[in-house]
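Working notes, structure below.
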Amino acid sequence: MNNAKVRVRFAPSPTGPLHMGGVRTALYNYLFAKQQGGDFILRIEDTDQTRFVPGAEEYIIDSLKWCGISPDEGQGVGGDFGPYRQSERKAMYRQYAQQLVDNGHAYYAFDTAEDLERVRQLAKDAGSPNWQYNHVTRNSMKNSLSLSQSEVQKRIDSGEPYVIRIKLNRNEEVKFEDIVRGWVSVNTNNMDDKVLFKSDGMPTYHLANIVDDHLMQISHVIRGEEWLPSAPLHILLYRYLGWEDSMPQFAHLPLLLKPDGNGKLSKRDGDRLGFPVFPLEWHNKESGEVFSGYRENGYFPEAFINMLAFLGWNPGTAQELFSLEELTEAFSLKKVNKAGARYDHDKTRWFNQQYLRLKSDEELGRLLSAEAQKAGHDIDQAKAAAIAALMKERAYFIKDLWEDSEFFFQAPTEYDEKTLRKKWNQDARNHVSQLHQIFEMLSSFTPEDVEGSFKAYLEENGLGFGKVGPGFRLAVTGKGMGPSMFEICAILGKEETLSRLKLALEKLP
RNA sequence: GGCCCCUUCGUCUAUCGGUUAGGACGCCAGGUUUUCAUCCUGGAAAGAGGAGUUCGAUUCUCCUAGGGGCUGCCA
């Protein structure tokens, strides 16, 4: 597999929404593929029919699309190696399991789920929590190694359900070189005879992923660390199937950890700690539960992707802001860290703030006016862009931009209580009243005009900014803080500014 | 319990044997700002512990501890 084209796959199971750890795996696959001029393939691993969740596959496709890491080939896209849903490839797997049986690398096993449950429990009661179906125990189980050939045939002919298990040699060292971890070695004595083919006629993940990766000519398997323990099993399968020469290279990624406490990030952590763990909002139809999504929480996909890229990888330079194209160029599996990365929500917010600032005033204006429209306000684009320009420094999200600038769209209906209490008094009333008169005489209402006349007023009366400013702001915006009042007044216009000063004099004590 | 993987500031991380151990987020202080935010400057903050190799270890090896993953006819 040295000179072959790079082909990588992201192979989620449609058992629910794809969480951010899965998205990161997809991202690293995508980045690697694009950088190497290869293909990024989406394969749906739905071999467990009991865990199928309606809508999950669509969710996966939509999520990748939102992130901008759409597959070149695979489910929802098509390609020459389909079908890309394992349930639709069902007929292909049987022959490979059979091949393994014929070669003596696998065997039939007739033990029922209850049988297995019983021996496991027995072992546990005897103080060994780790019963394995392996070279020492398999002779006492019901399988084609312990039973006579005629007995086996009889059971099969009578339609008795069976599984096919891999037959591991005892005391064999299985080694492979992982791109991120280096050499990893496991002895078969510590592995068990995993089921390859289930009694329902479907392969398990272990068989299916090897067969499909081989058939789809996958060059690199980039997946989460939770797969590391079964990688040796997969190596053996390639070997026993005769595919070792074209075996893909492996890269096991560090896990995403909970921000607090221990363990890997799970779907419950989000609501518990107040951040989304899913890219898109997900509605659980059975329970009615809703899991929040980054998209719905106002995150830009660029920020989300950038944040994810840095959880487990970094370019080794001081640059932190990377577009998808830049990530593609800079990414390297060799620079992926080995240790799990704890998710940091503050950093995610920071990334979003950075991306918000990177956007042009025009674009922010468009996004802002879309928010305003939802609230029933129409506004022209030039004005929206001007407002965005003035307000963007203090926003992390578009919704901040909207909430902070709502006063541009309508006169205050209420006034900041604290400022009212501390800064509004008879003097303030007089100043606002005076400002009304002064502004009324202005023929031009640019920020400079407003500032000039305001400062002239201060000077004539020997006043400091702090004496007049807060009351002025309160009267016009209803708030105790914000950007330059002169800019605000200019955007509002003379008429609106005067009307608000007047309104305040009427409404405030 | 067994097996495998991992271990630098609170968090994400840089360092490919010799550095005042660097950056970012967050935090704190000061400055700019009428205010808030931004911005600028500064600060606190780390090599889990113990052996060994070496002239010299954060870096290499081993042990211990801690963390994580796996241990299903789930993926």
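Per chain, numbering begins at 1; letters A, B, ... match sequence-line order.
Comparing A:Val468 and A:Tyr396 by the nucleotide of RNA chain B that holds the closest heavy atom to each, the one mapping nearer the 5' end is A:Tyr396. In terms of position on RNA chain B, the residue among A:Phe310 and A:Ser185 whose nearest nucleotide sits closer to the 5' end is A:Ser185.
Nucleotide B:U35 holds its C1' atom 16 Å from the CG atom of A:Leu420, rounded to whole Å. Between A:Glu487 atom CD and B:C36 atom P the separation is 18 Å, expressed in whole Å. A:Leu265 places its CG atom 15 Å from the C1' atom of B:C12, with the value rounded to the nearest Å. Going from atom CD of A:Glu320 over to atom P of B:G22 covers 16 Å, rounded to whole Å. Rounded to a whole Å, the CG atom of A:Asn337 is 17 Å from the P atom of B:C5. Rounded to an integer number of Å, the gap from A:Phe486 CZ to B:U33 P is 13 Å. If you take CG of A:Leu256 and P of B:U11, they are 15 Å apart, rounded to a whole angstrom. To the nearest angstrom, P of B:C36 lies 15 Å from CG of A:Asp404.
Stacking is found between A:Phe465 and the pyrimidine-like six-membered ring of the B:U34 base under the 5.5 Å centre-distance and 30° plane-angle cut-offs.
The nucleotide B:A29 finds its pairing partner in B:U41, both defining distances of the Watson-Crick or G-U wobble pair being shorter than 3.5 Å. As the counterpart of B:C55, B:G18 is assigned, both hydrogen-bonding distances of the Watson-Crick or G-U wobble pattern falling under 3.5 Å. Across every strand in view, B:C3 sits in a pair with B:G69 that passes the Watson-Crick or G-U test at under 3.5 angstrom.
Within 4.0 Å (heavy atoms only), A:Pro483 reaches at least one base atom of the nucleic acid. Among the protein residues, A:Met191 comes within range of no part of the nucleic acid, since none of its heavy atoms lies under 4.0 Å from any strand. A:Gly312 comes within 4.0 angstrom of sugar-phosphate atoms only, judged by non-hydrogen atoms across all strands, and of no base.
Separation of the C1' atoms belonging to B:G67 and B:G49 is 15 Å when rounded to the nearest angstrom. Nucleotides B:G23 and B:U7 are separated by 23 Å at their P atoms, to the nearest Å. Between B:C25 and B:U58, the distance separating the two C1' atoms is 23 Å to the nearest Å. Comparing the same atom, C1', in B:U34 and in B:A29 gives a spacing of 22 Å after rounding to whole Å. Atom C1' of B:C28 sits at a distance of 15 Å from the matching atom of B:C9, rounded to the whole Å. Here the separation of B:U15 from B:G26, taken at their P atoms, is 24 Å to the nearest Å. Using P as the reference atom, B:U59 and B:C36 are 47 Å apart when rounded to the nearest Å. The P atoms of B:A24 and B:U38 are separated by 15 Å, rounded to the nearest whole Å.
Every residue meeting the side chain to side chain donor-acceptor pair (under 3.5 Å) condition with A:Asp48, not counting sequence neighbours, appears here in chain and number order: A:Thr50. Scored by the side chain to side chain donor-acceptor pair (under 3.5 Å) test, A:Tyr108 finds A:Gln98 as partners (sequence neighbours excluded). The salt bridge (charged side-chain N to carboxylate O under 4.0 Å, His left out) search around A:Asp361 returns A:Lys392, not counting sequence neighbours.
Contact annotation: the side chain of A:Leu265 approaches that of A:Met20 to within less than 4.5 Å [non-hydrogen atoms, C-beta and beyond].
A:Asn209 and A:Arg9 share a donor-acceptor pair across their side chains, judged by distance under 3.5 Å alone.
For A:Gln353, taking side-chain heavy atoms from C-beta onward, the closest of the listed nucleotides B:C4, B:U38, B:C12 is B:U38. Distance from the side chain of A:Val184 is smallest for B:C4 among the nucleotides B:A14, B:C12, B:C4. Proximity note for A:Lys347 (side chain, C-beta onward) versus B:U13, B:U34, B:C12: the nearest is B:C12. Distance from the side chain of A:Met481 is smallest for B:C36 among the nucleotides B:C6, B:C36, B:G23. For A:Asn314, whose side chain is taken as the heavy atoms from C-beta onward, the closest listed nucleotide among B:A14, B:A37, B:G2 is B:A14.
Listed here is the closest heavy atom pair of A:Ile179 and A:Lys334: CG2-CE, 4.5 Å.
Applying the salt bridge (Lys or Arg N to Asp or Glu O under 4.0 Å) test to every pair with at least one member in residues 448-461 of chain A, sequence neighbours left out, gives these pairs: A:Glu451-A:Lys455. For residues 193-206 of chain A, every residue pair satisfying the salt bridge (Lys or Arg N to Asp or Glu O under 4.0 Å) rule, not counting sequence neighbours, is listed here: A:Arg138-A:Asp193, A:Asp192-A:Lys194. For residues 467-488 of chain A, there are no side chain to side chain donor-acceptor pair (under 3.5 Å) pairs, not counting sequence neighbours.
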### Query
What one-letter contact string describes nucleotides 39-48 of chain B from 5' to 3', where B marks a base within less than 4.0 Å of any protein heavy atom, S marks contact via sugar-phosphate atoms alone, and - marks no contact?
S---------
#### Entry: Contact letters for nucleotides 69-75 of chain B, in which S counts primed atoms plus P, OP1 and OP2 and B counts the base, heavy atoms under 4.0 Å
BSBSBBB
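Between A:Phe486 and A:Phe472, the ring planes lie tilted relative to each other; the angle falls in the 30° to 60° range.
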Can you give me every donor-acceptor pair (side chain of residues 306-317 of chain A, partner residue at least two apart or in another chain, under 3.5 Å) with its distance?
{"unit_1": "A:Asn306", "atom_1": "OD1", "unit_2": "A:Phe322", "atom_2": "N", "d": "2.8"}
{"unit_1": "A:Asn306", "atom_1": "OD1", "unit_2": "A:Tyr355", "atom_2": "OH", "d": "2.5"}
{"unit_1": "A:Asn306", "atom_1": "ND2", "unit_2": "A:Glu320", "atom_2": "O", "d": "3.0"}
{"unit_1": "A:Asn314", "atom_1": "OD1", "unit_2": "A:Gly316", "atom_2": "N", "d": "2.7"}
{"unit_1": "A:Thr317", "atom_1": "OG1", "unit_2": "A:Gln319", "atom_2": "N", "d": "3.3"}

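The side-chain tip of A:Arg165 does not point at the ring of A:Tyr107 from less than 6.0 angstrom away and within 45° of straight on.
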